[in-house]
Amino acid sequence: MGYDFGKIEVKWQKYWAENQTFKAENDSDKEKFYVLDMFPYPSGAGLHVGHPLGYIASDIYARYKRHKGFNVLHPQGYDSFGLPAEQYAIQTGQHPAITTETNIKRYREQLDKIGFSFDWNREVRTSDPKYYKWTQWIFIQLFNSWYNNDTDKAEEINNLFKIFNKEGNANVQAVCDDDVPVFSASEWKRLSNIEQQQILLKYRLTYLAESEVNWCPALGTVLANDEIVNGVSERGGYPVIRKKMTQWSMRITAYAQRLLDGLDKIDWPQPLKDSQTNWIGRSEGAEVKFQIPNTKFEIPVFTTRPDTIFGTSFMTLAPEHDLVPKITTPGQKSEVEAYIKSTAKRSERDRMADVKTITGAFIGAYAEHPFTKEPIPIWIGDYVLAGYGTGAVMSVPCGDQRDYDFAKHFNIPIPNIFEGVDISDEAYANKEKTVIANSDFLNGLPYKKAVRKVIDELEKHGQGKGKINYRLRDAVFSRQRYWGEPFPVYYIDGLPQMIDENHLPIKLPEVAKYLPTETGEPPLGNATIWAWDLQNAKVVSCSMIDHKTIFPLELNTMPGWAGSSQYFNRYMDPHNDQEIFSEKAINYWRAVDLYIGGSEHATGHLLYSRFWQKFMFDKGLVPVDEYAKKLINQGMITGTSAFIYRTKVGNRVTLVSKNKIKDFGGYPEDSNEASKPEAKGKNVLQKIHADVSFVNTSDELDIAAFLKWQPEYKDADFILENGKYIVGREVEKMSKSKYNVVSPDSICEDYGADSLRLYEMFLGPLEQSKPWNTAGITGVHGFLKKLWKLYHSGPNGEFKVDNLTNPGGILNNPSPESLKTFHKTIKKVEEDIENFSFNTSVSTFMICVNELTAQKCQSRTILEPLAILISPYAPHIAEELWEKLGHSGSISTIPFPKYNPEYLVESTKEYPISFNGKTRFTLELPMDMGKDEIEAVVLAHEKTQQQLAGRTPKKVIVVPGKIVNVVG
RNA sequence: GCUCGAGUGGUGGAACUGGUAGACACGUUGGACUUAAAAUCCAAUGGACAUUAGUCCGUGCGGGUUCAAGUCCCGCCUCGAGUACCA
């Protein structure tokens with residue numbers, strides 16, 4: 001009886017589903033362990049073999065932890081709001097909910113075939129109103145909060161309101177908009193309700209504000225930076241302009257420092273931490289105020305080099321800076337306006353790509369140096385970004401290369417304030433070696449001391465202060481899309497109001513069209529019913545808006561990251577319709593113990609979700625402020641594309657086999673030869689992707705199948721080698737358009753899910769990216785067959801354990817060498833799982849089974865625990881063998897075997913001995929011999945004596961079990 | 001440009017704190033069993049000379065530390081990922 005993986009896998013998958021084998025309880029005496037995957041977006045293309053890599057790794061770990069006696073939470077769900085479903089809807093009119101449902105079904109089928117131990121009772125979908133009710137709920141909590149820098153946490157907005165009533169805002173240390181005026185309690189009370197609300201909005205953790213976005217008028221929507229190529233939209237090639245729009249934003253900047261500090265507490269990959277650190281971009285320096293004489297204006301700038309303040313020879317503002325129109329002199333007006341117009345046309349990307357060209361304009365105004373009181377000309381230039389710092393810089397050309405280049409270009413003086421440094425060719429930016437000169441009270445001071453001194457002086461004169469600036473910006477939270485969470489917001493007199501929590505969720509309305517309306521309103525503007533009836537607390541028809549009891553609703557939807565920022569906590573109590581999760585559930589599960597997912601979310605999801613978690617922590621809703629203790633980034637699995645080479649001979653299309661190209665007098669179009677000028681007019685062969693499913697493991701193309709797929713080559717000539725057409729191979733990203741996609745379904749069908757699981761792990765280290773190559777799977781598949789055989793040694797292939805009652809059939813006493821083999825394996829496998837070295841443990845299994853087979857191991861004492869050991873990796877075959885061994889029920893919670901160190905002790909061990917790194921011989925010594933004893937034996941050894949030739953050894957290096965080294 | 005990571009056979013990759021480099025697997029070659037193929041099993045497989053027994057060279061390049069370096073230090077080269085006028 002052979003290894004019939006198909007039958008076994010169907011049987012056990014059905015068993016697990018029927019018996020709810022992997023259901024996690026919120027009530028358990030066992031210790032908890034939470035293993036989380038990043039939930040997938042269910043795309044129409046289905047899964048390819050690259051997708052489940054992380055899921056397999058986390059599944060192995062989850063199953064291992066179950067064997068170790070933990071109550072394991074291992075959930076899965078779908079991040080089902082998103083662009084592709086909406087694009088599809090725009091093209092076909094098909095409702096995104098329908099395509100999403102279809103895709104989820106397909107995903108589920110594919111996932112089930114791989115045999116994951118997910119607790120599907122806890123499935124969540126971000127597009128499900130029962131789920132996004134709580135996304136909307138969190139939004140309301142954020143709206144009702146402000147960030148108090150004194151207590152360093154988020155607090156109720158009502159408290160702020162009370163403080164304003166009592167004493168105004170002079171003593172409030174809050175993270176808020178820059179333009180909040182200082183007011184007293186009496187001034188506050190004199191404000192109208194609307195004015196008060198407008199001020200509170202500047203403090204709320206989610207707020208409405210004008211921000212600059214990439215607007216594509218033709219598409220009628222905002223585009224992200226990566227949706228724009230060379231200044232035009234990626235889709236359609238329409239022009240994109242930068243435009244100010246009123247948008248919802250999240251005040252993530254309030255948490256910048258805590259997001260940085262938190263990184264020290266969590267076990268995440270260093271590169272990922274680095275990229276978050278980078279993204280937050282903390283820099284220390286000072287804010288300096290420059291007055292503009294004879295006006296009420298002052299320009300604050302941020303600088304990391306306040307020590308160079310006496311080197312300031314001009315100021316530069318971002319072209320979009322608010323003050324520019326106000327302070328430009330009439331004589332410069334036309335030039336300045338022309339410049340602003342020309343920069344506004346350039347997209348962010350253009351600006352980035354073209355950093356070499358120096359442009360700018362003098363605006364005619366002068367600021368006053370805070371110390372020397374000398375006039376400083378004010379320029380605008382697009383090397384200064386509106387969104388960073390204050391959008392203005394004090395330009396110190398001797399100390400900053402960009403300022404230097406700008407000064408050179410516009411003939412602005414470059415005063416030197418560094419001692420003993422030549423700045424005739426370039427700026428001098430080495431802070432550590434800086435000694436300041438020509439700088440009044442700073443002369444002779446090194447960088448650090450000078451910085452401190454300047455900040456002291458600035459503060460004394462009210463001209464500035466020490467400041468920490470962050471690169472991180474508040475996150476824009478509005479999208480002009482249909483397929484996302486609606487905001488629980490309506491407007492009275494243009495002011496946003498939260499819908500009462502009791503009326504959530506606010507469900508997405510049906511719309512006629514999924515594109516934004518022509519007036520620029522988001523798709524929800526196309527809904528026939530989409531307004532808020534305050535009295536009756538329900539969504540009603542647009543035509544009835546009277547602004548008295550019926551009010552307009554927010555038409556934007558939330559961005560993709562909204563739904564994924566708290567899903568890990570919702571899994572703990574996913575069916576709770578009273579609370580986002582119960583206190584009991586969150587206090588039991590607390591945090592994710594192991595999170596596995598891709599590094600592409602480093603500065604998106606993984607940052608936003610940490611932000612929300614910290615907010616939830618401040619509100620006392622969660623017990624920990626970092627939700628994932630350990631995180632692992634699995635690498636990408638790339639595809640191995642296949643190419644055919646096409647050319648024309650006369651009028652005939654000719655396809656040339658790879659190794660015949662040279663004989664044919666040609667070369668592939670991307671080869672070195674083809675790029676040389678002499679290649680012109682020579683025989684350059686076009687490379688065309690062939691579907692990898694028509695290519696066998698020896699790179700031979702199945703011509704018949706290929707022609708069926710691409711009938712246009714029916715009449716082509718094939719130039720073969722040895723009767724075969726050999727394709728070219730290249731590693732590329734796995735993608736439909738490259739015809740190199742391998743689906744897990746076909747692998748499961750041909751080799752089984754257990755082979756797929758083992759092979760994905762065997763391919764290489766989890767965190768590395770590596771190419772898929774189906775050919776190699778025969779190795780692990782062969783291993784599973786050997787494993788099966790190990791348990792089936794009878795002459796007719798009957799199960800070996802059936803012979804248990806048959807005298808002489810089964811030896812219950814394993815041989816010492818089998819015990820050694822097996823206990824060695826337990827130790828290694830356990831260590832490997834704990835270190836996430838899944839690839840090497842697969843090798844360990846292979847060695848183990850090979851050795852046990854060679855040793856003719858027939859012992860139940862070994863074969864039983866071996867099945868457990870292997871079950872996290874290959875659960876189906878393990879369950880089947882476990883059953884054949886006479887057990888009922890699932891193997892999944894049977895305790896993991898323990899190794900006995902006694903079996904690992906070797907009685908003697910060969911110790912290689914070397915002298916001066918050259919001469920080597922070995923001694924056989926008992927394993928348990930101590931250091932001194934070994935030394936004595938080594939010295940007494942005849943050969944050692946010869947080698948030492950009468951000299952006394954300086955030292956004997958002993959590493960028990962490893963090596964002995966004698967230094968003569 | 002900056003930050004991080006990686007360079008080991010024909011290929012994917014092993015090698016724990018420096019301690020017999022190339023585990024395990026793919027591929028290739030030869031053999032067994034077969035009418036044949038598949039499947040299975042056995043053997044060889046870093047390179048060069050010797051082909052019994054051995055010797056020398058080998059972890060991107062050049063130095064260094066050490067009895068001993070893939071591993072540690074210094075200087076380069078190449079590739080990959082992220083980020084980009086951040087004042």
Side-chain angles (χ1 to χ4, degrees), chain A residues 2 269-279 281-283 285 301-306 308 315-316 318 348 351-358 381-385 387-396 399-403 405-406 429 469-473 599-600 602-603 633 635-636 640 697-699 729 758-759 762-765 767-783 785-786 789 828 831-832 835 837 839-847 850 910-920 922 953-955 957 959 962-968:
Chain A
Q270 197 53 45
L272 197 151
K273 287 187 184 181
D274 289 345
S275 84
Q276 290 206 346
T277 306
N278 231 314
W279 189 261
R282 180 192 149 105
S283 53
V301 303
F302 174 75
T303 176
T304 54
R305 295 295 304 274
T308 64
M315 285 185 79
T316 316
E348 288 271 344
R351 241 166 111 159
M352 282 185 234
D354 183 25
V355 294
K356 293 262 156 61
T357 318
I358 295 162
D382 71 355
Y383 81 97
V384 176
L385 303 176
Y388 183 77
T390 61
V393 300
M394 58 176 226
S395 304
V396 183
D400 183 286
Q401 193 58 43
R402 291 156 305 172
D403 295 342
D405 294 340
F406 195 88
N469 198 51
Y470 298 92
R471 199 185 79 117
L472 184 72
R473 302 178 202 184
S599 57
E600 67 273 19
T603 53
N633 291 131
M636 199 175 41
T640 313
T697 54
S698 319
D699 294 350
R729 290 286 201 175
L758 280 168
Y759 188 52
F762 184 70
L763 223 45
E767 307 187 57
Q768 241 172 57
S769 113
K770 55 238 160 195
W772 179 265
N773 171 18
T774 305
I777 202 169
T778 53
V780 291
H781 188 63
F783 156 74
K785 285 194 208 165
K786 282 184 207 163
K789 227 186 214 169
K828 183 78 165 66
E831 283 169 2
D832 282 347
N835 296 324
S837 309
N839 55 330
T840 49
S841 50
V842 177
S843 298
T844 310
F845 284 131
M846 291 180 179
I847 297 166
N850 278 341
E910 288 193 347
Y911 289 87
I913 297 178
S914 65
F915 287 92
N916 302 326
K918 283 286 172 192
T919 319
R920 280 217 180 88
T922 58
K954 278 192 194 128
K955 58 175 178 177
I957 302 158
V959 185
K962 277 280 177 186
I963 207 159
V964 179
N965 211 325
V966 185
V967 183

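None of these values were measured; they are calculated from a predicted model. Scope of the values below: all heavy atoms of this structure, side chains included, with no hydrogens, waters or symmetry mates. Here is how names work: the chains are called A, B, and so on, in the same order as the sequence lines, proteins then strands, and each is numbered from 1.
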To the nearest angstrom, the CG-C1' distance between A:N278 and B:A81 comes to 13 Å
Less than 4.5 Å apart, any side-chain heavy atom of A:V780 and any of A:M846? yes
Between B:A69 and B:C86, how many Å separate the two P atoms, rounded to a whole number? 45 Å
Earlier contact from the 5' end, RNA chain B, for A:T304 and A:V842: A:V842
Counting the benzene-type ring for Trp, do A:W279 and A:Y470 have ring centres under 6.0 Å apart? no
Counting heavy atoms from C-beta on, name the nucleotide in B:G27, B:U3, B:U40 closest to the side chain of A:K789. B:U40
Nearest whole Å is fine: how far is B:U17 P from A:N835 CG? 10 Å
If you assign A:Y470 and A:Y759 each to the RNA chain B nucleotide with the nearest heavy atom, which residue ends up on the more 5' nucleotide? A:Y759
For B:U34, which nucleotide in any strand shown is its Watson-Crick or wobble partner with both distances under 3.5 Å? none
Any donor-acceptor pair under 3.5 Å from A:R305 side chain to A:G399 backbone: no
Expressed as a whole number of angstroms, how long is the span from A:N850:CG to B:A25:C1'? 11 Å
For A:F762, what residues pass the ring pair (Phe, Tyr, Trp, His ring centres under 6.0 Å) criterion, not counting sequence neighbours? none
Pick base, sugar-phosphate or nothing for A:D832, based on heavy-atom distances below 4.0 Å to the nucleic acid. nothing
For A:K828, which contact category applies under a 4.0 Å heavy-atom criterion: base, sugar-phosphate, or nothing? nothing
For A:T844, which contact category applies under a 4.0 Å heavy-atom criterion: base, sugar-phosphate, or nothing? nothing
Think A:R471 has a side-chain N or O under 4.0 angstrom from the OP1 or OP2 of B:A87? no
Taking the same atom, P, in B:A6 and in B:G13, what whole-Å distance lies between them? 14 Å
With both distances kept under 3.5 Å, what pairs with B:U71, Watson-Crick or G-U wobble? none
B:A37 versus B:A43 - spacing of their C1' atoms, nearest Å: 22 Å
Taking the same atom, C1', in B:A21 and in B:G30, what whole-Å distance lies between them? 27 Å
Residue pair A:N839 / A:L763, side-chain heavy-atom distance below 4.5 Å: no
Flag, side chain of A:Q276 to backbone of A:A602, donor-acceptor distance under 3.5 Å: yes
Euclidean distance for C1', B:G5 against B:G9 (whole angstrom): 24 Å
Complementary nucleotide for B:C79 - Watson-Crick or wobble, under 3.5 Å: B:G5
In this structure, how many angstroms lie between the C1' atom of B:G27 and the CZ atom of A:R729, rounded? 13 Å
Whole angstrom is fine here: how far is it from OH in A:Y388 over to P in B:C86? 9 Å
Assigned partner base of B:U45, Watson-Crick or wobble definition, under 3.5 Å: B:G27
Does one side chain, of A:S395 or A:T316, offer a donor that lies under 3.5 Å from an acceptor on the other? yes
For nucleotides 4-14 of chain B, which of its nitrogen or oxygen atoms have a protein nitrogen or oxygen under 3.5 Å away, and what is each distance?
{"from": "B:G12", "atom 1": "O2'", "to": "A:L763", "atom 2": "O", "distance (Å)": "2.6"}
{"from": "B:G13", "atom 1": "OP1", "to": "A:Q768", "atom 2": "OE1", "distance (Å)": "3.2"}
{"from": "B:A14", "atom 1": "OP1", "to": "A:N839", "atom 2": "ND2", "distance (Å)": "3.1"}

Could you tell me how far B:C72 sits from B:G18 if I compare only their P atoms? Round to whole Å. 9 Å
Under 3.5 Å for both donor-acceptor distances, Watson-Crick or wobble: does B:C16 have a partner, and if so which one? none
Would you check if A:K786 and A:N850 make a side-chain contact, meaning some heavy-atom pair closer than 4.5 Å? yes
Geometric class of the A:Y388/A:F302 ring pair [parallel <30°, tilted 30-60°, perpendicular >60°]: perpendicular
Could you tell me how far apart A:K785 (NZ) and B:A39 (P) are, to the nearest whole angstrom? 8 Å
Rounding to the closest angstrom, what is the interatomic distance between B:A44 and B:G63 at atom C1'? 39 Å
Taking the C1' atom in each of B:U65 and B:C77, what is the distance between them to the nearest angstrom? 23 Å
Syn-anti status, with the boundary at 90° from 0, for the nucleotide B:G9: syn
Tell me: CD of A:Q276 to P of B:U83, nearest whole Å? 12 Å
Rounded to whole angstroms, how far apart are CG on A:L385 and P on B:C86? 8 Å
